[in-house]
Amino acid sequence: MATTSVSKDRFTMWPTALACCFPMILIILWSGPFDLAFLGVPVLFITWTCSAMLAFGMAIFSVSARQWWRAVSMSVLPLATLGVIANAGIVWSLAMETGERIHFQAMRRSYLEDVSKLPSSGEPRFAIWHWGGFGIGHAVVYDESDEIVSPEQSSAWKKRVANTEVGSCGAWGSPLGNHFYLIRTGC
């Protein structure tokens with residue numbers, strides 16, 4: 001009686017799936033409230049690191065067992081993780097910016113309602129929505145004058161923003177369209 005043995009040398013999908021999912025989860029964490037990112041990112045990084053180390057160990061074992069397809073597939077996650085670590089600044093900034101833009105789009109209608117309720121005093125309107133932050137504040141600003149991105153702001157603009165983090169700490173960021181800006185504040 002002949003028995004058929006199933007080869008263990010086959011491509012394993014979970015390392016590749018995790019190599020794709022972990023960066024997407026990082027973006028999702030940044031698209032929620034700041035506290036979600038503040039608490040969730042360390043958990044993600046620990047999970048990511050442990051998974052990469054497990055896959056690396058399994059890749060080494062697969063090489064010693066001459067299971068080449070399995071070794072290659074297990075190497076995907078550790079190699080992708082090394083690529084992310086080597087480009088950590090770019091990956092971090094890209095994930096944060098993408099997540100916060102998603103967050104803004106999800107909240108856009110609410111911001112527009114708030115802007116419509118601002119008094120019209122003849123001067124350009126200004127509003128800030130704080131998202132939180134640790135050392136560096138994250139926020140969305142509505143600046144009808146668009147002076148927040150000007151190299152030099154008028155004295156009227158400086159007076160309008162004087163009692164905000166933008167006025168007291170300075171801000172930098174990127175435009176979101178229609179007078180909205182995704183900003184960071186330095187205090």
Side-chain angles (χ1 to χ4, degrees), residues 18-49 80-187:
L18 290 180
C20 294
C21 288
F22 284 143
M24 292 173 72
I25 293 169
L26 184 60
I27 291 169
I28 290 167
L29 288 171
W30 276 111
S31 68
F34 181 80
D35 293 342
L36 178 65
F38 186 71
L39 298 173
V41 168
V43 172
L44 174 65
F45 284 166
I46 290 168
T47 305
W48 194 336
T49 302
T81 303
L82 285 175
V84 167
I85 291 169
N87 298 292
I90 294 168
V91 171
W92 182 257
S93 297
L94 186 63
M96 185 186 313
E97 179 89 10
T98 304
E100 288 183 342
R101 284 179 177 272
I102 292 168
H103 183 128
F104 170 74
Q105 290 301 327
M107 299 295 295
R108 185 180 180 95
R109 182 174 293 161
S110 171
Y111 297 147
L112 288 170
E113 282 180 31
D114 291 348
V115 167
S116 71
K117 294 175 187 172
L118 290 174
S120 186
S121 63
E123 289 188 5
R125 296 175 293 177
F126 182 89
I128 185 168
W129 294 269
H130 299 280
W131 286 353
F134 189 74
I136 294 177
H138 299 245
V140 165
V141 162
Y142 179 82
D143 182 10
E144 208 166 44
S145 69
D146 295 320
E147 288 189 62
I148 194 166
V149 292
S150 296
E152 289 189 35
Q153 291 85 19
S154 67
S155 58
W157 185 85
K158 289 177 183 177
K159 185 178 177 183
R160 252 190 327 275
V161 303
N163 295 328
T164 69
E165 284 184 35
V166 172
S168 60
C169 304
W172 64 98
S174 57
L176 295 166
N178 297 329
H179 308 296
F180 285 101
Y181 297 88
L182 182 60
I183 66 156
R184 309 278 184 272
T185 58
C187 63

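Sequence positions, counted from 1, serve as the residue numbers for this chain.
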Determine whether Leu44 and Leu26 make a side-chain contact, defined as any pair of heavy atoms from C-beta on separated by less than 4.5 Å. yes
Do Trp129 and Val141 come within less than 4.5 Å of each other through their side chains, counting heavy atoms only? no
Test side chain to side chain contact (heavy atoms under 4.5 Å, CB included) on Val166 and Ile183; report intermediate values, then the result. CA-CA 9 Å; Val166 172; Ile183 66 156; 3.7 Å; yes
Determine, stepwise, if the pair Leu118 / Phe126 fulfils side chain to side chain contact (heavy atoms under 4.5 Å, CB included). CA-CA 8 Å; Leu118 290 174; Phe126 182 89; over 6 Å; no
Would you indicate whether the side-chain heavy atoms of Thr185 and Ile136 approach each other to under 4.5 Å? no
Would you say Leu112 and Tyr142 make side-chain contact, with heavy atoms under 4.5 Å? no
The reported gap from CD1 in Ile28 to CG in Leu36 (rounded to nearest 0.5 angstrom) is 10.0 Å
Does a side-chain heavy-atom distance below 4.5 Å link His138 with Met96? yes
Under the 3.5 angstrom rule, does the side chain of Asp143 hit a backbone N or O of Glu147 as a donor-acceptor pair? yes
Residues forming a disulfide bond (SG atoms under 2.5 Å apart) with Cys169, sequence neighbours excluded: Cys187
Quick one: closest heavy-atom pair of Pro23 and Ala19, and the distance? CD-O, 3.2 Å
Point-to-point distance, once rounded to the nearest 0.5 Å, from CG of Asp114 to CD1 of Ile128: 13.0 Å
What's the shortest heavy-atom distance between Val91 and Val84, and which atoms? CG1-CG1, 4.0 Å
Spatial distance of atom CD1 (Ile25) from atom OG1 (Thr47) [nearest 0.5 Å]: 8.5 Å
Contacts satisfying salt bridge (Lys or Arg N to Asp or Glu O under 4.0 Å) that involve residues 171-187 (not counting sequence neighbours) are Glu100-Arg184
Any side-chain heavy-atom pair from Phe180 and Val115 closer than 4.5 angstrom? yes
Side-chain touch Tyr111/Val140, heavy atoms, less than 4.5 angstrom: yes
Can you find a heavy atom in the side chain of Asp146 that is under 4.5 Å from one in the side chain of Tyr181? yes
Please give me the minimum heavy-atom distance between Leu176 and Arg108, naming the atom from each residue. O-NH1, 4.3 Å
With distance as the sole test, does Thr98 use its side chain to make a donor-acceptor pair with the main-chain N or O of Ala95 at under 3.5 Å? no
Can you tell me if Glu144 uses its side chain to pair, donor with acceptor, with the backbone of Pro124 under 3.5 Å? no
According to the interplanar angle, ranging from 0 to 90°, do the rings of Trp30 and Trp92 count as parallel (below 30°), tilted (30 to 60°) or perpendicular (above 60°)? perpendicular
Would you give the length of the straight line joining atom NE2 of His179 to atom OG of Ser145, rounded to the nearest 0.5 angstrom? 9.0 Å
With a 4.0 Å cut-off, would you call Arg101 and Glu97 a salt bridge? yes
For Ile90, does its backbone N or O pair with a side-chain atom of Ser93 as donor and acceptor, under 3.5 Å? no
In this structure, is the centre-to-centre distance between the rings of Trp48 and Phe22 below 6.0 Å? yes
Worked verdict on Val43 versus Ile46 for side chain to side chain contact (heavy atoms under 4.5 Å, CB included): CA-CA 5 Å; Val43 172; Ile46 290 168; 5.9 Å; no
The reported gap from OG in Ser116 to CZ in Arg125 (rounded to nearest 0.5 angstrom) is 8.0 Å
Between Ser150 and Gln153 (side chain of the first, backbone of the second, donor and acceptor by atom type, cut-off under 3.5 Å), is there such a pair? no
Could you measure the distance from the CZ atom of Arg160 to the OG atom of Ser154? Nearest 0.5 Å is fine. 6.0 Å
